[in-house]
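Residue numbering restarts at 1 for every chain, and letters A, B, ... go by the order of the sequence lines.
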Amino acid sequence: MRLSRYFLPVLKENPSEAQIVSHRYMLRAGMIKQQAAGIYSWLPLGYRVLKRIEQIVHEEQVRAGHIPLLMPTLQPADLWRESGRYDDYGQEMLRIRDRHDRDMLYGPTNEEMITDIFRAHVGSYKDLPMTLYHIQWKFRDEVRPRFGVMRGREFLMKDGYTFDIDRDAALHAYNRHMVSYLRTYERMGLTAIPMRAASGPIGGDNTHEFLVLASTGESEVFYDQAVTELKLGPREVDYDNRAEVEGICKEFTTLYARTDETHDAALFDQIPEDRRRVGRGIEVGQIFYFGTKYSASMGALVVNDKGERVPVEMGSHGIGVSRLLGAIIEASHDDKGIIWPEGVTPFPVGIVNLKQGDSGTDAACDALYKALAAKGLEALYDDREERAGAKFATMDLIGLPWRITVGPRGLAAGVVELTSRRSGLSEEMSAEAAVDRIAQIYAAHR
RNA sequence: CGGAGCGUAGCGCAGUCUGGUAGCGCACCUGCUUCGGGAGCAGGGGGUCGGAGGUUCGAAUCCUCUCGCUCCGACCA
């Protein structure tokens, strides 16, 4: 993409409404525009990152054997009357009436609807296990939306629903989600720690929240420092292998890590003192096992191998997709702007032409741009008639992890400059070597 | 929902107390110079002062109502 033809409305000054760093940078980098309290348009750069995150979530869900579908944003109230939540949910639910005076709502979540789909089409244990998920916009009419996309009213969320014949199978589904989530967050360059959580309005007793440590987090967290060093890494996981999946979950949940809701001071004090940590975290996902809460009330029954009709065992598992943009920025930025992890960056690399209009640098940048494209890497090429400083400042702000700088001085010596946004370190090399290096870096993130 | 603020050009703000022909910086347009970390000079364009009503010879400014947004708290993915 040539920046001269792109739509990237960056701001030099901080918009006054933004208090926290991720919100400020998302506005300044031209990623979002607020349309109403807690409701945002996703401008091209933000949309790219949102789609990258969504893509990673999809890939890891499918890898775990889960099946994508798509449910609507608007739902009939009657389904929610069946579960009893139409009255329980309160003011956070946005209620709408259509022209025929039917009660509708903008879905804050989808347990009822997925249960309706399931009961209409599935009746036998032989169809289980099954996990259906979708990535869809939700709406919760928060009293006080804030922090940009971290706590909007409209938000994009992946929610998955598991259906199993018994508790053991349902707990395996729970564990499978935990592992798939660990992998998802790692691919985004995040350390998200599963913490034992309280169940909240969705109900159920087995539940973990995934928290990204950040001083701006909404939850107070207590943890053993060692838990932050755990990595899933590139290991192959057989998601059907219950023992293996359970083993990984044990590995990640044995060390102490809890939110203030479930914090146990006595247990916390048993951690060696030098590893005890109290901090704040941003919740980016949650997994629940809740058994037959919805299947019993809504009549989602399956026949088991003894011929008995029993309510199906369920769980629901969510990832806050749009919120993740804020969480990633909170976890990865400096005073100049965002620093995108390679896994989610809107563009893998930026090209800065230091002397726009000079036939030599123009040609070299064009060639570089094409060479990157030939490797499947879409560069953001700053071909504007701007001075070097302005181009560098823009690149730093929008946070592309790698930058290739092309100037007449370097070209005379046959080199371009490759700079890491994260370390700030630059290295001179031939254009070909720079392309190869970038390609190699991103090969690990495919 | 309790408390506190703010709406003036795309963004950041002054002007409001004390009514008198709407300003500054950035951004934008033109020209010249400049050219490796958000350039300089000169010129230029852009605003129903959130909205409605009222007071007044005259309202961004005073009064009433209203809408929107932000912050603190409670709540929440």
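- Among the heavy atoms of the strands lying under 4.0 Å from A/Ala388 are primed sugar atoms or P, OP1, OP2 only; no base atom is included.
- Of the candidate nucleotides B/G38, B/G36, B/C71, B/G36 has the atom nearest to the side chain of A/Thr405.
- Between A/His208 and A/Tyr174, the ring planes lie tilted relative to each other; the angle falls in the 30° to 60° range.
- Residue A/Arg146 places no side-chain atom within donor-acceptor reach of the base of B/U70, judged by atom type and a 3.5 Å distance cut-off alone.
- Ion pair A/Arg323/A/Glu218 flagged as a salt bridge, since at least one NZ, NE, NH1 or NH2 atom sits closer than 4.0 Å to an Asp/Glu carboxylate oxygen.
- Aromatic ring centroids of A/Phe155 and A/Tyr40 lie 6.0 Å or more apart.
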Protein-nucleic acid N or O pairs under 3.5 Å, nucleotides 11-15 of chain B:
unit_1, atom_1, unit_2, atom_2, d
B/C11, O2, A/Glu13, OE1, 3.3
B/G12, OP1, A/Ser16, N, 3.0
B/G12, OP1, A/Ser16, OG, 3.4

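- A/Ser322 comes within 4.0 angstrom of no nucleic acid atom, judged by non-hydrogen atoms across all strands.
- B/C24 and B/G19: their C1' atoms are spaced 22 Å apart (whole Å).
- In this entry the distance linking CD of A/Glu428 with P of B/G36 reads 15 Å, nearest Å.
- Checking A/Glu417 against A/Arg144, the closest nucleotide of RNA chain B that is more toward the 5' end is the one next to A/Glu417.
- You'll find that the side chain of A/Ala36 is closest to B/C69, out of B/U70, B/C69, B/C76.
- Between the P atom of B/C76 and the CZ atom of A/Arg280 lies a distance of 14 Å, rounded to the nearest Å.
- Between A/Tyr133 and A/His58, the side chains place a donor N or O and an acceptor N or O closer than 3.5 Å (distance only, hydrogens not considered).
- A/Gln136 and A/Thr73 share no side-chain donor-acceptor pair at under 3.5 Å.
- Considering only the side chain of A/Arg387, B/A39 comes nearest among B/G37, B/C71, B/A39.
- Nucleotide B/U34 forms no Watson-Crick or G-U wobble pair with any nucleotide shown, as no partner meets the under 3.5 Å limit on both distances.
- Checking B/C65 for Watson-Crick or G-U wobble geometry (two distances, each under 3.5 Å) identifies B/G51 as its partner.
- Between A/Tyr181 and A/Tyr185, the angle of the ring planes goes over 60°, which puts this pair in the perpendicular group of the 30/60° scheme.
- Per the geometry, CG belonging to A/Leu354 stands 14 Å off P belonging to B/A39, to the nearest Å.
- Between the side chain of A/Lys391 and the backbone N or O of A/Arg384, at least one donor-acceptor pair lies under 3.5 Å.
- Using a 4.0 Å heavy-atom criterion, one finds that A/Gly389 contacts the sugar-phosphate atoms exclusively.
- Between the base of B/G38 and the side chain of A/Arg384 there is no donor-acceptor pair shorter than 3.5 Å.
- When the C1' atom is compared between B/A42 and B/A59, the two are found 37 Å apart, to the nearest whole Å.
- Distance check on atom C1': B/A14 versus B/G7 gives 15 Å, rounded to whole Å.
- Relative to the side chain of A/Lys12, the nucleotides B/G38, B/U70, B/G36 differ in distance, and B/G38 lies closest.
- What separates CD of A/Glu386 from P of B/G36 is a distance of 14 Å, to the nearest Å.
- The gap from the C1' atom of B/G46 to that of B/A39 amounts to 24 Å, rounded to the nearest Å.
- The CZ atom of A/Arg140 sits 8 Å away from the C1' atom of B/C76 (whole-angstrom rounding).
- Between the P atoms of B/G51 and B/U8, the separation comes to 10 Å (whole Å).
- Comparing A/Glu209 and A/Gln35, the nucleotide of RNA chain B nearest to each residue sits closer to the 5' end for A/Gln35.
- In a base pair of the Watson-Crick type (N1 to N3 plus N6-O4 or O6-N4) or a G-U wobble (N1-O2 and O6-N3), with each distance short of 3.5 Å, B/G73 is matched with B/C1.
- For the C1' atoms, the distance linking B/A60 with B/C49 amounts to 5 Å, nearest Å.
- Residue A/Arg403 contributes atom CZ, which lies 11 Å from atom P of B/G37 at whole-angstrom precision.
- Figure legend. B/G43 is base-paired to B/C29; pairs are counted as Watson-Crick or G-U wobble with both atom distances under 3.5 Å.
- With a cut-off of 3.5 Å on both Watson-Crick or G-U wobble distances, the partner of B/G58 is given as none.
- Taking the C1' atom of each, B/U55 and B/U64 are spaced 11 Å apart, rounded to whole Å.
- Look at B/C24: its Watson-Crick or wobble partner, with both distances under 3.5 angstrom, is B/G12.
- In this structure, CZ of A/Arg151 is placed 11 Å from P of B/G73, rounded to the nearest angstrom.
- Centroid-to-centroid, the aromatic rings of A/Phe222 and A/Phe268 come within less than 6.0 Å.
- Side-chain proximity of A/Ala393 to B/A39, B/G38, B/C75: nearest is B/G38.
- When the P atom of B/C71 is taken as reference, atom CD of A/Glu142 falls 13 Å away, rounded to whole Å.
- Of the P atoms belonging to B/C26 and B/G20, the separation is 27 Å, rounded to the nearest Å.
- With respect to A/Asp334 and A/Arg421, a salt bridge is recorded, a charged nitrogen being found less than 4.0 Å from a carboxylate O.
- Residue contacts shown for A/Gln34 are limited to sugar-phosphate atoms, with no base heavy atom under 4.0 Å away.
- A salt bridge does not link A/Arg153 with A/Glu142: every distance from a Lys NZ or Arg NE/NH1/NH2 to an Asp or Glu carboxylate oxygen is 4.0 Å or more.
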